[in-house]
Amino acid sequence: MYKRKKISILYVIATFVTGCAFYRAMPIDNSAVNLALKDPSMEKVRVQAKLIRHPVLKSIDFDDRDGISPDEAAILAVLTNPVLRAIRDRKNISMAQLIQAGILPNPQLDVLTAGNTLGTIDAFGLGLNWDFISLISRKERMDAALSHVDAVDIDVAWQEWQVAQAAKLHVYRLLWIEQQVKLARAAVKGLRENLEVVKKAVKFGVLTAVDIAAAETTLQQIRILQLKLVQEQKREQIALNQTLGLPAGRAVLIQQNIALPSWPALPSASQITEGLEERRLDLLALKKGYESQEAKVMAAVLSQFPKIKIGFTQGGNLSSPITTGFAITLDLPFFDRNQGQIALEKATRNQLFDEYMARIFEARSEINRILRDMDLVKQQIAATEKFIAEFKKLVQFYYTALQVGNADILVYYNTKNNLITKRIEYVKLEQELSDLGISLEIAAGEYFPGFETSLKGHSEKSDSTEVLE
């Protein structure tokens, strides 16, 4: 125990004398895990949401007490997602690399002494040398490190933007799924009431067991659809919690009666791709990375010059005068002219150049694909809307004909089942269009405000289920 204390005291003294950093233990244990993954403080989030600085995300007045909106979920995810914490640590690494790039090499001190034998006089030598060549490429190394810091900052912002959009997507999906669940729930309620009426009619001999079977079959089909929607709702809730960095079982209140994306008109591909390279964060990060590599190539080229060390020497012995002079050490560039490092940096630069061009091509293609898919979904929505209007008339026609015995009960319920299914499918198509809109924002690297509308009336209305009397 005494020996350990002695070593620790010497370590502290040496640290102060040499200006070195302290070592601090950072163990991974249960307390560290619980502290890192504890539920975020909403009071703290409200303050941070007003102070957030981001190239795309804007600060907002965050208030989760009435439920969170899509925009609030986006900000909350950026502030609390545990994956983003690890990504942000790259900033500290890049800053450390910047510090390292600017540090000059330490001078070298050589102390030589001769042997001490009988009849001889002690001799000594003292030399102080410094690698002068490091000054030549220092500016380029600093430029490379600075560009790398910028690239990392922008890339982290790009990751934050994607996480924010993912949270926004999950909130919108939960709202759309809630509309589908409402439709299914109302349909199940109506069909149950209808089944009870049919059963009473059978008791009075007005209807038969075939009518009961048809009513029960339609009810079970819609009931199964409702259960599937509820299960999808639960999965989406878990996905939202994971994006927000919250426990899977924690209930997140979502604001109701907020605007949902409808995209009444689509922007053109040329409108979105214009200025894409100056706007999309991953492209900006790649460009900064390329600038960093360009500086590394220059540094490697400058480092091909022979290594030069300058200093002074002092030597002599106790019986003769002490001699002092300058010393220059020069490497002869016969074999190593830094060819390998230059070739490596140039190849890396070419790779980054091609990757940047490929990413631009991919982004433009992705935007065109999303716009095409959105246009197709909008056409499907319009066709489904017409289909629902015609099917409502058909269901009413069969119902009227059924009262006078001019329609088959199975045909009526099959038609009714198709109508209920189509109404839910209509909302699913609106959800798909909303998902594609989020994808378009990510691909374009910007928000598209104004492409929203209030909750649509058909989503709020319950399915009208006529009963047999």
Side-chain angles (χ1 to χ4, degrees), residues 67-74 165-188 222 225-237 239-240 243 252 254-267 272 366-367 369-392 395 416-444 447-465:
I68 62 173
S69 67
D71 288 337
E72 287 175 333
Q165 288 295 87
K168 187 177 176 181
L169 174 70
H170 292 312
V171 172
Y172 276 135
R173 281 182 177 175
L174 283 170
L175 291 169
W176 286 118
I177 294 173
E178 178 62 26
Q179 301 308 311
Q180 299 168 47
V181 171
K182 285 181 179 179
L183 285 172
R185 188 184 299 121
V188 168
I222 302 303
L225 178 58
Q226 180 190 9
L227 293 175
K228 288 181 178 179
L229 289 171
V230 171
Q231 186 65 28
E232 183 180 350
Q233 190 178 37
K234 291 180 179 178
R235 286 197 300 266
E236 203 62 44
Q237 183 67 66
L240 174 61
T243 306
V252 178
I254 305 297
Q255 283 186 20
Q256 299 299 314
N257 298 323
I258 64 174
L260 288 174
S262 64
W263 292 91
L266 298 178
I272 296 178
E366 185 71 7
I367 289 171
R369 182 194 65 78
I370 294 173
L371 287 172
R372 182 198 62 209
D373 290 347
M374 292 180 75
D375 184 61
L376 290 174
V377 173
K378 284 175 64 66
Q379 294 179 33
Q380 288 179 286
I381 289 175
T384 304
E385 194 169 10
K386 292 180 180 178
F387 181 91
I388 290 173
E390 294 300 322
F391 249 59
K392 286 176 66 176
V395 169
K416 189 170 190 60
N417 181 50
N418 288 335
L419 176 59
I420 297 170
T421 304
K422 279 295 179 181
R423 281 177 167 168
I424 295 176
E425 180 183 323
Y426 183 86
V427 182
K428 279 188 174 293
L429 287 171
E430 289 183 313
Q431 176 187 331
E432 184 178 350
L433 183 63
S434 174
D435 290 354
L436 287 169
I438 298 292
S439 300
L440 183 63
E441 288 184 338
I442 295 175
Y447 282 124
F448 291 107
F451 294 100
E452 296 178 342
T453 184
S454 300
L455 290 177
K456 296 191 174 180
H458 69 266
S459 299
E460 290 292 328
K461 294 178 181 178
S462 62
D463 180 29
S464 58
T465 52

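Position 1 is the first residue of the sequence; numbering continues from there.
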Straight-line distance of Ile381 CD1 to Leu433 CG, nearest 0.5 Å: 5.0 Å
Interatomic spacing from OG1 in Thr243 to NZ in Lys168 - rounded to 0.5 Å: 14.5 Å
Point-to-point distance, once rounded to the nearest 0.5 Å, from CG of Leu175 to CD of Gln233: 10.0 Å
Value rounded to 0.5 Å, distance of CG in Leu227 from CD in Glu232: 13.0 Å
Closest non-hydrogen atom pair between Pro261 and Trp176, with its separation: O-CZ2, 3.5 Å
Atom pair CG (Leu371) and CG (Leu440), whose distance is rounded to the nearest 0.5 Å: 5.0 Å
Taking every non-hydrogen atom, the tightest pair across Val171 and Ser69: CG1-C, 4.3 Å
Side chain to side chain, Phe448 and Trp263, heavy atoms closer than 4.5 Å: yes
Minimum-distance pair of heavy atoms, taken over all atoms of Gln226 and Ala184: CB-CB, 3.8 Å
Any Lys392 side-chain heavy atom under 4.5 Å of Arg423 side chain: yes
Gap between atom CD1 of Ile442 and atom OH of Tyr447 - 0.5 Å precision: 10.0 Å
Shortest non-hydrogen contact from Gly67 toward Glu72: O-OE1, 3.5 Å
Contact summary for Ala444 and Ile367, nearest pair of heavy atoms: CA-CD1, 4.3 Å
Evaluation steps, side-chain contact (heavy atoms from CB on, under 4.5 Å), between Lys428 and Leu229: CA-CA 11 Å; Lys428 279 188 174 293; Leu229 289 171; 3.9 Å; yes
Test applied, side-chain contact (heavy atoms from CB on, under 4.5 Å); reference residue, His170; option that passes from Ile254, Val252, Ile438, Leu240: Leu240
Distance-only polar pair, side chains of Gln180 and Gln431, donor-acceptor under 3.5 Å: yes
Asp373 to Arg369 - nearest heavy-atom pair and separation: OD2-NH1, 2.7 Å
side-chain contact (heavy atoms from CB on, under 4.5 Å) assessment of Lys422 paired with Phe391: CA-CA 9 Å; Lys422 279 295 179 181; Phe391 249 59; 5.7 Å; no
Stepwise side-chain contact (heavy atoms from CB on, under 4.5 Å) check, Glu432 with Leu429: CA-CA 5 Å; Glu432 184 178 350; Leu429 287 171; 4.0 Å; yes
